[in-house]
Amino acid sequence: MKFFTALYPPPHVVDELDAVLDRSLDLEWTKPEKWHVTLCCHGETVDEERFRALEGHEVPEIRLRDFGDFRGRVLWAGIDGDLNRLARAAGANDNWRAHLTVAYGYRGQPMPAFLSSPWQPFEAVLVSSADGVYTPVDRVGLRTSARR
């Protein structure tokens, strides 16, 4: 079992992203209900104190923007908005890059330009991952413009 800290997009953003993806492409698509922005991969143990310290951290308004890839194989939607402070507070290292994975097996297929509606994550979720099953373990509230 491995753990990660995630931000989940709201349903309307999930719907917007899902609507632009060409599911006829021969890719291993991730399920929309699993879509998230990983703030930090923790491995097999979690620094619970560090996770709880995220409570009340300010989070900016963000959007999903366009697509990119890792190693020419992992297709992701980019993030428009600066999550660096929050990711570092969660424990991310200098190689961290804000993204939302949408498919594996990507081979350079053209993707459309994309910009989602703006949103502010209201919570960070500690998630366990085992055999492809994601289970929320804990949640902490984040400070948004609506929750000051």
Side-chain angles (χ1 to χ4, degrees), residues 1-48 50-54 57-142 144:
M1 181 178 317
K2 298 202 186 239
F3 296 91
F4 60 90
T5 298
L7 304 175
Y8 283 90
H12 71 278
V13 172
V14 169
D15 292 344
E16 291 171 12
L17 176 58
D18 199 29
V20 302
L21 298 176
D22 181 357
R23 300 287 184 162
S24 71
L25 294 174
D26 184 24
L27 297 173
E28 183 184 332
W29 296 100
T30 56
K31 295 178 181 175
E33 60 269 18
K34 293 176 100 176
W35 286 346
H36 65 276
V37 177
T38 302
L39 288 178
C40 180
C41 291
H42 301 286
E44 295 182 9
T45 60
V46 178
D47 181 341
E48 296 273 344
R50 186 173 208 160
F51 176 75
R52 292 194 197 300
L54 293 175
H57 264 258
E58 188 169 356
V59 65
E61 183 175 270
I62 61 176
R63 294 174 181 244
L64 300 180
R65 178 186 289 274
D66 296 328
F67 297 93
D69 66 273
F70 291 129
R71 300 176 300 280
R73 298 178 42 102
V74 178
L75 177 67
W76 47 258
I79 306 299
D80 185 27
D82 187 2
L83 292 173
N84 286 323
R85 268 189 43 233
L86 188 61
R88 296 297 182 266
N93 64 31
D94 291 338
N95 296 324
W96 177 83
R97 180 176 184 156
H99 70 281
L100 184 151
T101 300
V102 294
Y104 297 94
Y106 179 71
R107 295 173 302 284
Q109 296 94 328
M111 299 304 295
F114 176 64
L115 182 63
S116 77
S117 298
W119 54 286
Q120 279 188 294
F122 63 91
E123 67 180 359
V125 183
L126 180 62
V127 180
S128 71
S129 173
D131 300 321
V133 176
Y134 294 173
T135 306
V137 175
D138 201 355
R139 299 170 190 272
V140 292
L142 300 172
T144 67

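All values reported here derive from a predicted model rather than from experimental measurement. Positions are given from 1 along the sequence.
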Tell me whether the count of non-hydrogen atoms from other residues, nucleotides or ligands lying under 6.0 Å of CZ in R88 goes above 12.
yes
Tell me whether D66 contacts the main-chain N or O of A113 through its side chain, where contact means a donor paired with an acceptor under 3.5 Å.
no
Kindly indicate, with the supporting measurements, whether the criterion side-chain contact (heavy atoms from CB on, under 4.5 Å) is fulfilled by L21 and M111.
CA-CA 8 Å; L21 298 176; M111 299 304 295; 3.9 Å; yes
Any donor and acceptor pair, going by atom type alone, linking the side chain of Q120 with main-chain N or O of V59 inside 3.5 Å?
yes
Grab the two heavy atoms, one from A124 and one from L7, that are nearest each other, plus how far apart they are.
CA-CD2, 4.1 Å
Looking only at heavy atoms, the pair that brings P118 and H12 closest together is O-NE2, 4.3 Å
Do the side chains of L17 and L100 get nearer than 4.5 Å, heavy atoms only?
yes
Just so I know, are the side chains of E123 and Y8 near enough to count as touching, which here means a heavy-atom distance under 4.5 Å?
no
Distance-minimising heavy-atom pair for S129 and F4:
CB-CE2, 4.0 Å
Quick one: does E16's side chain have a donor or acceptor within less than 3.5 Å of a partner on S117's backbone?
yes
Got a donor-acceptor contact below 3.5 angstrom from the R63 side chain to the G81 backbone?
no
D138 versus R52: any side-chain heavy-atom pair under 4.5 Å?
yes
What are the two closest heavy atoms between V74 and Y104, and how far apart are they?
CG2-CD2, 3.8 Å
Is any side-chain heavy atom of V125 less than 4.5 Å from a side-chain heavy atom of Y134?
no
Heavy-atom closest pair, residues V14 and W35
O-CZ3, 3.5 Å
As a test of understanding, state which of D47, L126, V127 forms a side chain to side chain contact (heavy atoms under 4.5 Å, CB included) with H42.
L126
Can you confirm whether W76 sits close enough to V102 that some side-chain heavy atom of one is under 4.5 Å from a side-chain heavy atom of the other?
no
Who passes side chain to side chain donor-acceptor pair (under 3.5 Å) against D18, sequence neighbours left out?
R23
Partners of P11 by side chain to side chain contact (heavy atoms under 4.5 Å, CB included), sequence neighbours excluded?
none
Can you establish whether the number of heavy atoms outside K34 located under 6.0 Å from its atom NZ is more than 12?
yes
Would you say T5's side chain and A90's backbone share a donor-acceptor pair under 3.5 angstrom?
no
Checking the side chain of W96 only, and the main-chain atoms of C41 only, is there a donor and an acceptor separated by less than 3.5 Å?
no
Should we count CZ of R85 as having more than 12 external heavy atoms under 6.0 Å?
no
Could you work out, with salt bridge (Lys or Arg N to Asp or Glu O under 4.0 Å) as the rule, every residue matching D82, not counting sequence neighbours?
none
